[in-house]
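Let me begin by presenting the structure, written as structure tokens, before commenting on it.
Just so you know, ligand 1 is whichever comes first in the structure, and atom 1 is the first atom listed for that ligand. Side chains included, hydrogens not; waters and symmetry mates left out as well; all remaining heavy atoms used.
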Amino acid sequence: MVADKAADSTKEESMDVLSSTRTVVKNALERLGYPDEVFELLKEPIRMMTVRIPVRMDDGSIKIFTGYRAQHNDAVGPTKGGVRFHPDVTEKEVKALSIWMSLKAGIVDLPYGGGKGGIICDPREMSFRELEGLSRGYVRAISQIVGPNKDIPAPDVFTNSQIMAWMMDEYSRIDEFNSPGFITGKPIVLGGSHGRESATAKGVTICINEAAKKKGIDVKGARVVIQGFGNAGSFLSKFLYDAGAKIVGISDAYGALHDPDGLDIDYLLDRRDSFGTVTKLFNNTISNKELLELDCDILVPAAVENQITEENAHKIKASIVVEAANGPTTLEATKILTERGILLVPDVLSSAGGVTVSYFEWVQNNQGYYWPEEEIAEKLETIMVKSFNAIFNIAQTRRVDMRLAAYMVGVRKMAEAARFRGWV
Ligand code: NAD
């Protein structure tokens with residue numbers, strides 16, 4: 001019994017994204033030679049706000065939702081990061097997500113710290129009107145700590161450009177000024193950027209191309225499995241499908257589809273709903289668990305956390321795993337995959353395309369001058385290729401896995417900024 005309990009608590013700890021993030025941050029800072037107080041500063045967000053948001057529902061009742069906004073560190077500049085609408089949102093998860101945003105900003109060298117928000121809700125069960133009330137209520141509740149030069153939100157799981165538009169409008173009313181730079185991921189007509197919607201998937205595609213070169217795999221004809229068919233997963237499947245890859249598996253929250261000869265991605269994209277659901281239309285589905293263990297060359301978790309764990313890491317057949325989702329692989333699984341010679345490209349690097357183009361959107365809003373799509377694509381490619389190769393080389397020369405190498409690059413800038421400011 002005692003042994004069982006101990007095993008359970010170790011397992012729980014390994015699934016705790018905040019504690020595993022801290023472990024790698026600490027390790028990265030130690031390897032870079034920073035003193036303990038730097039870790040003490042960076043292990044928690046500098047600011048964390050919990051809010052209660054009353055929303056009048058369609059049946060006339062008032063429902064109170066809980067939301068969070070975490071600002072990890074603003075030594076480099078304003079904090080930046082998405083807002084997640086999901087029933088499983090927790091304070092710990094939002095904190096971890098804000099730390100990952102700081103790391104991403106450091107990796108792709110943006111003038112930001114990390115932030116993140118979340119609301120405990122299920123938008124799939126809410127009407128358009130209720131979602132608008134919740135989005136506006138959230139902005140009113142956090143308005144004192146956010147703003148174009150303080151903390152800039154963006155989309156994340158189950159939030160989209162419409163929700164960004166309501167949030168921008170609410171902030172602009174409070175500010176008595178049109179404030180497109182308050183939030184990114186907006187519709188183009190409200191100051192959104194070309195290429196923002198597909199930016200995360202573009203960045204992941206660039207990392208897949210670079211990783212494939214290192215492994216001597218041709219993306220054309222490669223067998224790919226993608227978990228999640230939302231913003232990240234659906235654009236990614238389209239980019240790889242158009243590049244000639246064979247997408248042998250995709251999934252959503254309800255199950256997965258598998259065809260060893262390759263799925264018809266255009267057909268599936270046509271039929272998915274706005275929440276990235278498509279498998280409900282089919283009978284011959286497999287589970288998400290089975291999907292991850294399918295025979296393939298490239299595996300991309302693009303849905304939720306803790307999907308590759310010590311329980312299934314031995315069964316992964318891909319030779320490249322590229323994390324489009326935040327936190328899909330536990331630290332134990334990272335170790336197992338790396339020992340097995342599988343090239344694991346970590347979330348803080350591979351999914352940094354979203355925040356990079358969000359930065360481009362904010363720059364365009366601040367200067368009031370907008371760039372064509374080709375310019376965005378070119379700038380993104382340059383940044384992602386450079387970041388991938390810098391981290392790959394550190395992993396090789398320092399003999400560490402790609403996750404630790406990415407954290408070493410990611411923490412350095414904020415640690416240095418905090419040091420110059422005299423904080424540590
Ligand atoms: P989304 O809401 O558009 O799509 C999520 C997808 O995951 C949907 O297909 C949904 O059905 C599926 N899903 C949900 N729960 C699942 C479960 N338990 N098992 C399997 N599938 C499940 O979200 P998104 O924007 O595509 O984000 C996906 C991941 O990518 C998240 O981890 C997010 O933090 C990360 N990410 C997104 C962006 C972005 O710009 N959208 C940027 C960086 C990182």
Just to be sure I read this right, does ligand 1 sit under 4.0 Å from the backbone of R196, its side chain, both, or neither, counting only heavy atoms? side chain

Could you check whether any heavy atom of E197 sits closer than 4.0 Å to an atom of ligand 1, since that is the contact criterion I want to use? no

Which part of N288 is near ligand 1, with near meaning a heavy atom under 4.0 Å away: side chain, backbone, both or neither? side chain

Tell me whether Y254 reaches ligand 1 (any heavy atom closer than 4.0 angstrom to a ligand atom). no

Is it the case that the side chain of T200 and the backbone of S351 share a donor-acceptor pair, with hydrogens and angles ignored and the cut-off at 3.5 Å? no

Does N326, backbone or side chain, put an N or O under 3.5 Å from an N or O of ligand 1? yes

Looking only at protein heavy atoms, identify the closest one to atom 8 (C) of ligand 1 and say how far it is in Å. F275 O, 3.5 Å

Cation over ring, K379 on W371, under 6.0 Å and within 45°? yes

For atom 29 (C) of ligand 1, what is the closest protein heavy atom, and at what distance to 0.1 Å? A303 O, 3.3 Å

Residue and atom name of the nearest protein heavy atom (relative to atom 40 (O) of ligand 1), distance in Å to one decimal: T200 OG1, 2.7 Å

Is there at least one pair of N or O atoms, one from V304 and one from ligand 1, spaced under 3.5 Å apart? no

Where the closest heavy atom to atom 26 (O) of ligand 1 is concerned, which of P87, P155, A232, A324 has it? A232

Atom 25 (O) of ligand 1 has as its nearest protein heavy atom N231 CB, 3.6 Å

All side chain to side chain donor-acceptor pair (under 3.5 Å) counterparts of K213, not counting sequence neighbours: E210

N or O contact, D156 vs ligand 1, cut-off under 3.5 Å: yes

At under 4.0 Å between heavy atoms, is it the side chain or the backbone of Q307 that contacts ligand 1, or both, or neither? neither

Residue, atom name and distance, where the atom is the protein heavy atom closest to atom 28 (C) of ligand 1: A302 O, 3.4 Å

Angle class for the Y267/F282 ring planes (parallel below 30°, perpendicular above 60°, tilted otherwise)? perpendicular

Taking atom 23 (O) of ligand 1 as the reference point, the nearest protein heavy atom with its distance: V157 CA, 3.7 Å

What's the shortest distance from atom 5 (C) of ligand 1 to any protein heavy atom, and which residue and atom give it? G230 CA, 4.2 Å

Parallel, tilted or perpendicular: which one describes the rings of F182 and Y171, with boundaries at 30° and 60°? parallel

Using 0.5 Å steps for rounding, measure from the CG atom of L236 to the CD1 atom of I250. 11.5 Å

Do me a favour and list the nearest non-hydrogen protein atom to atom 2 (O) of ligand 1 with residue, atom name and distance? F158 N, 2.9 Å

Using a 3.5 Å cut-off on N or O atoms only, is G276 in polar contact with ligand 1? yes

Relative to atom 14 (C) of ligand 1, which among G255, A253, A199, G185 owns the nearest non-hydrogen atom? A253

Proximity flag E305 to ligand 1, non-hydrogen atoms under 4.0 Å: no

Cut-off 3.5 Å, side chains only: do T277 and R272 have a donor facing an acceptor? no

With a cut-off of 6.0 Å (strictly less than), are more than 12 heavy atoms of other residues, nucleotides or ligands near CD of E375? yes

